[in-house]
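Below: the structure, in structure tokens.
Proteins come first, then strands; the chains are lettered A, B, ... in the order of their sequence lines, and each starts at number 1. Hydrogens, waters and symmetry mates play no part in the numbers below; they use all other heavy atoms, side chains included.
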Number of protein chains: 2
Amino acid sequence: MSGRESSIDTIQRELTAFARRARHKASQLHPDLSLVTYSILDLMNERGGCRAADVASYFMLDKSTVSRQVGALEKLGLLVRETDPDDQRGQILRPTEAGLTLLREAAEQRRLSFTERFTDWDDEDVARFADYLARYGAAD
Amino acid sequence: MSGRESSIDTIQRELTAFARRARHKASQLHPDLSLVTYSILDLMNERGGCRAADVASYFMLDKSTVSRQVGALEKLGLLVRETDPDDQRGQILRPTEAGLTLLREAAEQRRLSFTERFTDWDDEDVARFADYLARYGAAD
DNA sequence: ACATGTTGTTGCACAGTACAACGTCGGGCG
DNA sequence: CGCCCGACGTTGTACTGTGCAACAACATGT
């Protein structure tokens, strides 16, 4: 197996292992926000409001799943939905203040944890790693 | 926010997004092997046989979860368990021939898919990306 | 105006997971 | 040696996340 192939194998394996651990770590990091709900809130926030269909396609989730998650988040008062004035079928999702606060806290927790594990990396390596991941993710 | 911090943010976000999509993609790639069972088989294979406790700690799973997954894999004839001669409590898990075959096929599917998305990366970048991921994963 | 497609909701079923209680075995300490 | 504690795995129970299918409401093009 060539060097390139074995590198690709490593990438595959490491990313898979990461995925397998992610749920557990997310629940450790911010117990009141699951990996899914965190991701959804985060996307809504970054996009400045978005529709359920966007969330579904971005995370490759069924729309029914998103519908329920959104319902749960709304019940918790973390987001609001407004019917899209331009399209009465759709609705626009936005985090509430409470949602934003929770999101910020969770992000802070995550950042602490991530920062800690990069202590022995120098800046250039961190930057390059981020670039590679972004490049990889962009094609997802 | 410093460049380093924003890089760490990117890493965080990309890894999380990846994790959210992983299950779906795994089921696309090899429908008869879930992300979990694939990972477990793969670990057993790479370690040349291992105990359930190893799997649990490696993937941060509860031992009951592992026990059930292993049970399922055994029922499918993909692995065998032998009681550890050195410690009658434990058991050593090994993929069967059928398990190895399935694993090889799945790995091939994955490799194709991964290879495809790295077509426009040059060798050095792929190698460095792999190194970074391995380094990251080692601290997990 | 009607057929077709898009957006979200609901009913149903199932996989994956955790936690707790338990049986079994191994190892250290009196 | 005999006991107790700890490690390994299994089973019962409950919950979350997920997908698929059927549906309702709205939009769009002909």
Side-chain angles (χ1 to χ4, degrees), chain A residues 16-17 19-41 44 49-76 79-94, chain B residues 16 19-41 44 49-76 78-94:
Chain A
T16 305
R20 277 282 336 103
R21 287 184 268 229
R23 184 187 302 233
H24 177 79
K25 285 201 270 143
S27 73
Q28 300 275 75
L29 241 48
H30 33 70
D32 27 47
L33 225 44
S34 80
L35 181 60
V36 196
T37 49
Y38 174 82
S39 305
I40 292 180
L41 267 184
M44 283 175 10
C50 69
R51 289 171 313 154
D54 298 340
V55 178
S57 81
Y58 186 73
F59 291 115
M60 295 181 175
L61 287 172
D62 193 79
K63 46 189 183 155
S64 65
T65 302
V66 174
S67 172
R68 286 176 234 275
Q69 298 292 346
V70 166
L73 285 169
E74 190 192 26
K75 236 177 218 119
L76 292 172
L79 65 78
V80 288
R81 4 184 181 194
E82 348 172 329
T83 13
D84 187 338
D86 298 345
D87 184 341
Q88 301 276 123
R89 290 169 304 181
Q91 45 192 224
I92 303 191
L93 307 172
R94 283 208 175 72
Chain B
T16 305
R20 277 282 338 101
R21 287 183 268 229
R23 184 187 303 233
H24 177 79
K25 284 200 274 149
S27 72
Q28 301 276 76
L29 242 48
H30 34 69
D32 26 48
L33 224 45
S34 79
L35 181 61
V36 196
T37 49
Y38 174 82
S39 305
I40 293 180
L41 267 184
M44 284 176 9
C50 69
R51 290 170 312 155
D54 297 341
V55 178
S57 81
Y58 186 73
F59 292 115
M60 296 182 176
L61 288 172
D62 192 79
K63 46 189 183 155
S64 64
T65 302
V66 175
S67 173
R68 284 177 233 275
Q69 298 292 346
V70 166
L73 285 169
E74 190 191 24
K75 235 175 220 122
L76 293 172
L78 301 177
L79 65 77
V80 287
R81 5 185 180 193
E82 349 172 327
T83 14
D84 187 338
D86 298 345
D87 184 342
Q88 301 276 124
R89 292 170 303 181
Q91 44 193 222
I92 303 192
L93 307 172
R94 283 207 176 71

Worksheet item: Can A/Ser67 and A/Ser64 be said to form a side-chain hydrogen bond (donor to acceptor under 3.5 Å, both in side chains), step by step?
Response: CA-CA 5 Å; A/Ser67 172; A/Ser64 65; over 6 Å; no

Item to complete: Can you sort out the partners of A/Asp87 under salt bridge (charged side-chain N to carboxylate O under 4.0 Å, His left out), two or more places apart, ordered by chain and number?
Response: A/Arg89

Fill in: Protein-to-nucleotide contact annotation, 5' to 3' order, nucleotides 4-10 of chain C [B base; S sugar-phosphate only; - none; under 4.0 Å, heavy atom]
-BBBBBB

Worksheet entry | Length of the line joining A/His24:NE2 and C/dA18:P, which is rounded to integer Å | 7 Å

Worksheet item: Can you check whether B/Val70 reaches B/Arg81 side chain to side chain, under 4.5 Å on heavy atoms?
Response: yes

Worksheet entry | Distance, rounded to the nearest Å, where A/Arg23 contributes CZ and C/dA18 contributes P | 8 Å

Discussion item. At a heavy-atom distance below 4.0 Å, which nucleotide of DNA chain D is the first touched by chain A, and which is the last?
Written reply: D/dG17 to D/dA27

Worksheet item: Any side-chain heavy atom of A/Leu79 sitting closer than 4.5 Å to one from A/Arg94?
Response: no

Worksheet item: Does a side-chain heavy-atom distance below 4.5 Å link B/Cys50 with B/Ile92?
Response: no

Discussion item. Within 45 degrees of the ring normal and closer than 6.0 Å to the centroid, is that where the cationic atom of B/Arg21 sits relative to A/Tyr58?
Written reply: yes

Practice prompt. Grab the CG-C1' distance between B/Leu35 and C/dG16 for me, whole Å please.
Written response: 11 Å

Discussion item. Quick one, A/Arg23 and B/Arg23 - any side-chain contact, counting heavy atoms below 4.5 Å?
Written reply: yes

Worksheet item: Taking only side-chain nitrogens and oxygens of B/Gln69, does any of them come within less than 4.0 Å of OP1 or OP2 of C/dG16?
Response: yes

Discussion item. What is the separation between atom CG on B/Asp86 and atom P on C/dT24, rounded to the nearest whole Å?
Written reply: 22 Å

Worksheet entry | 4.5 Å side-chain heavy-atom contact, B/Glu74 and B/Leu93 | no

